[in-house]
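Residue numbers start at 1 and run along the sequence shown. For the numbers below, each heavy atom of this structure counts, side chains included, while hydrogens, waters and symmetry mates do not. We count ligands from 1, going down the list as the structure has it; atoms in each ligand are counted the same way.
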Amino acid sequence: MEGEKYAKELDVAVRVVHMACSLCQRLQQGIVSAGSDLVKSKEDDSPVTVADWSVQATVSWILSEFFGSQNVSIIAEEDVQTLSKADSASLVEAVVNTVNECLSGAPKYGLKSPPKALNTSQVLEAISRCNSVGGPKGRHWVLDPVDGTLGFVRGDQYAVALALVEDGKVVIGVLGCPNYPMKKELLSYHYQYHETMSRLSPPSDDMWERGCVMYAKRGSGEAWMQPPITGDKKFVWPNSARLVQVSSIDDPKLATCCEPVEKANSDHSFTAGLAHSVGLRNQPLRVYSMVKYAAIARGDAELFMKFARTGYKEKIWDHAAGVVIVEEAGGVVTDAGGRPLDFSKGPYLEGLDRGIVVCSGATLHEKIIDAVYASWDSSNL
Ligand SMILES: Nc1ncnc2c1ncn2[C@@H]1O[C@H](COP(=O)(O)OS(=O)(=O)O)[C@@H](OP(=O)(O)O)[C@H]1O
Ligand SMILES: [Mg+2]
Ligand SMILES: [Mg+2]
Ligand SMILES: [Mg+2]
């Protein structure tokens with residue numbers, strides 16, 4: 001039955017992303033306050049933490065158990081390079097403990113725990129198994145265990161992103177956004193909490209009910225959002241899922257544009273010029289991670305633009321889950337030439353024309369693409 005296609009895959013993906021969000025939420029405060037021991041720098045100087053490796057190991061283990069490790073191909077961001085260094089013993093220990101703690105809670109999410117705790121080599125194997133190269137044929141899971149690691153270590157927004165790509169097309173997307181409340185109005189309360197965090201006692205479970213998990217299946221015309229699982233609650237499908245939709249605003253004067261926080265990740269002056277030329281008036285909303293895609297899918301903003309410096313190759317795990325969720329919620333996602341993103345060429349979005357444009361609707365999208373053509377020659381990219 002066509003309607004049932006990918007039902008099992010979506011079910012497992014949603015459950016494991018909930019599990020991963022809870023793992024990250026438990027670690028984030030400790031990492032923000034204790035800092036450097038649990039945070040490392042990769043060769044490109046970007047941060048990676050115990051949470052990134054632990055989520056990758058957990059998701060890899062659950063998917064491999066559920067579908068059989070022979071049948072599962074996973075492309076994910078992290079590898080075991082840093083963990084294999086001679087001075088990494090305590091880091092590896094922290095990852096192994098975190099993974100086992102998380103997996104022992106699997107039944108709460110309706111998933112199976114391992115019969116006994118995983119040993120170090122099993123955890124490292126689960127991480128390194130996610131080294132598939134993807135491609136145009138077959139099924140490939142695409143995982144960003146923590147997207148916006150910089151936001152995560154700063155106590156701010158981040159996302160857990162899991163997608164399934166089949167024959168080069170994203171067919172399922174799940175985005176866990178542990179600090180992005182179901183109700184947008186609660187967002188400022190969350191920031192006030194972070195600003196004063198050092199002076200406040202640890203938050204209650206209720207306090208952390210301010211994240212969400214979003215998901216969509218290609219072709220369903222529906223995108224959904226659920227509250228996170230907190231306290232003693234168990235995951236019971238559909239876990240209060242509600243439909244989300246993009247904003248109906250198509251007047252640029254009323255639209256809000258999201259963009260990366262880091263200037264190094266997107267040319268802020270180029271996008272400011274574009275925004276100005278199409279008549280946007282609102283201040284850009286700078287937020288870490290794929291929460292930007294979540295914001296568009298939920299109707300909290302109308303536009304997201306990312307123009308990385310020339311030579312930077314966008315990775316598929318930074319976009320796959322967000323793209324299908326935004327599209328099924330009614331939005332449009334293309335490169336700056338107006339073409340869909342190509343998930344069929346391995347770990348990178350090969351052939352991407354300049355940047356990424358995500359819009360709540362076709363009218364706004366057309367204006368932005370026209371403005372890119374008009375302003376590109378005069379830009380300094
Ligand atoms: N130089 C450069 N240019 C463009 N993009 C880069 C660059 N460096 C990193 N990245 C990738 O961007 C991911 C974070 O993107 P964001 O849009 O969330 O940026 S920001 O954190 O808000 O500044 C981030 O994902 P994570 O590593 O998962 O955090 C990176 O994959
Ligand atoms: Mg990322
Ligand atoms: Mg990441
Ligand atoms: Mg990273």
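Remark: among candidates T149, D144, N265, I356, the nearest residue to atom 3 (N) of ligand 1 is N265, based on non-hydrogen atoms. Taking each of D267, V287, V261 in turn, the one with a heavy atom nearest to atom 20 (S) of ligand 1 proves to be V261. Across the listed options E262, K306, R309, K306 owns the non-hydrogen atom lying nearest to atom 5 (N) of ligand 1.
When each of S73, S69, S64 is paired with R129, the side chain to side chain donor-acceptor pair (under 3.5 Å) condition holds for S64 and for no other. Considering R139, E166, K217 as possible partners of Y6, the one that fulfils the side chain to side chain donor-acceptor pair (under 3.5 Å) test is E166. For the side chain to side chain contact (heavy atoms under 4.5 Å, CB included) test with L10, the passing option among I172, L164, V171 is I172; the others fail.
Close contacts of ligand 1 with K292, meaning ligand atoms under 4.0 Å from a residue heavy atom, involve 16 (P), 17 (O), 18 (O), 22 (O). Residue D147 approaches ligand 1 through these ligand atoms, each under 4.0 Å from one of its heavy atoms: 13 (C), 25 (O), 26 (P), 28 (O), 29 (O). Heavy-atom proximity to A264, at under 4.0 Å, picks out these atoms of ligand 1: 1 (N), 2 (C), 3 (N).
Distance check for E77 against the Mg ion (ligand 2): none of its N/O/S atoms falls below 2.8 Å.
Nearest to atom 4 (C) of ligand 1 among the protein's heavy atoms is Y312 CE2, 3.2 Å. Atom 21 (O) of ligand 1 has Y288 CD2, 3.3 Å as its closest protein atom, hydrogens excluded (heavy atom only). Ranking the protein heavy atoms by distance from atom 27 (O) of ligand 1 puts E77 OE2, 3.0 Å first. Residue, atom and distance of the protein heavy atom nearest to atom 18 (O) of ligand 1 are S289 N, 2.5 Å. Counting only heavy atoms of the protein, atom 29 (O) of ligand 1 lies nearest to G148 N, 2.7 Å. In terms of protein heavy-atom proximity, atom 31 (O) of ligand 1 is nearest to D318 OD2, 2.6 Å.
Counting just the N/O/S atoms of D318, the one with the shortest distance to the Mg ion (ligand 2) is named OD1. The atom name of the N/O/S atom in D144 closest to the Mg ion (ligand 2) is OD2. For D147, the N, O or S atom closest to the Mg ion (ligand 2) goes by the atom name OD1.
Taking all atoms of both residues into account, the shortest heavy-atom contact from D37 to L91 is O-CD1, 3.6 Å.
At distances below 3.5 Å, at least one donor-acceptor pair connects side-chain atoms of T49 with backbone N or O atoms of A51.
Within the 4.0 Å heavy-atom criterion, neither part of L150 lies near ligand 1.
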Practice prompt. Check the pair K306 / E314 against salt bridge (Lys or Arg N to Asp or Glu O under 4.0 Å), numbers first and verdict last.
Written response: CA-CA 10 Å; K306 184 177 183 200; E314 294 284 351; 3.1 Å; yes
Worksheet item: Given the rule in the salt bridge (Lys or Arg N to Asp or Glu O under 4.0 Å) test, do K42 and D44 qualify, once you have shown the distances and angles that lead to the verdict?
Response: CA-CA 5 Å; K42 295 202 274 191; D44 63 359; 5.8 Å; no
Discussion item. Y109 vs F235, test: ring-ring contact (aromatic ring centres under 6.0 Å, His included). Steps then yes/no.
Written reply: CA-CA 5 Å; Y109 300 87; F235 183 97; 7.2 Å; no
Worksheet item: Is there a ring-ring contact (aromatic ring centres under 6.0 Å, His included) between Y158 and Y288 once you walk through the steps?
Response: CA-CA 6 Å; Y158 63 98; Y288 296 101; over 10 Å; no
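Ring geometry, W224 versus Y215: the interplanar angle falls under 30°, so the pair is classed parallel (tilted spans 30 to 60°).
In the model, N265 has no side-chain atom that pairs as donor or acceptor with a side-chain atom of E259 under 3.5 Å.
Residue V146 has at least one nitrogen or oxygen atom sitting less than 3.5 Å from a nitrogen or oxygen atom of ligand 1, judged on distance alone.
Residues M19 and L103 have side chains in contact (heavy-atom distance under 4.5 Å, counting atoms from C-beta outward).
The shortest separation from a heavy atom of V48 to ligand 1 is not under 4.0 Å, leaving the residue out of contact.
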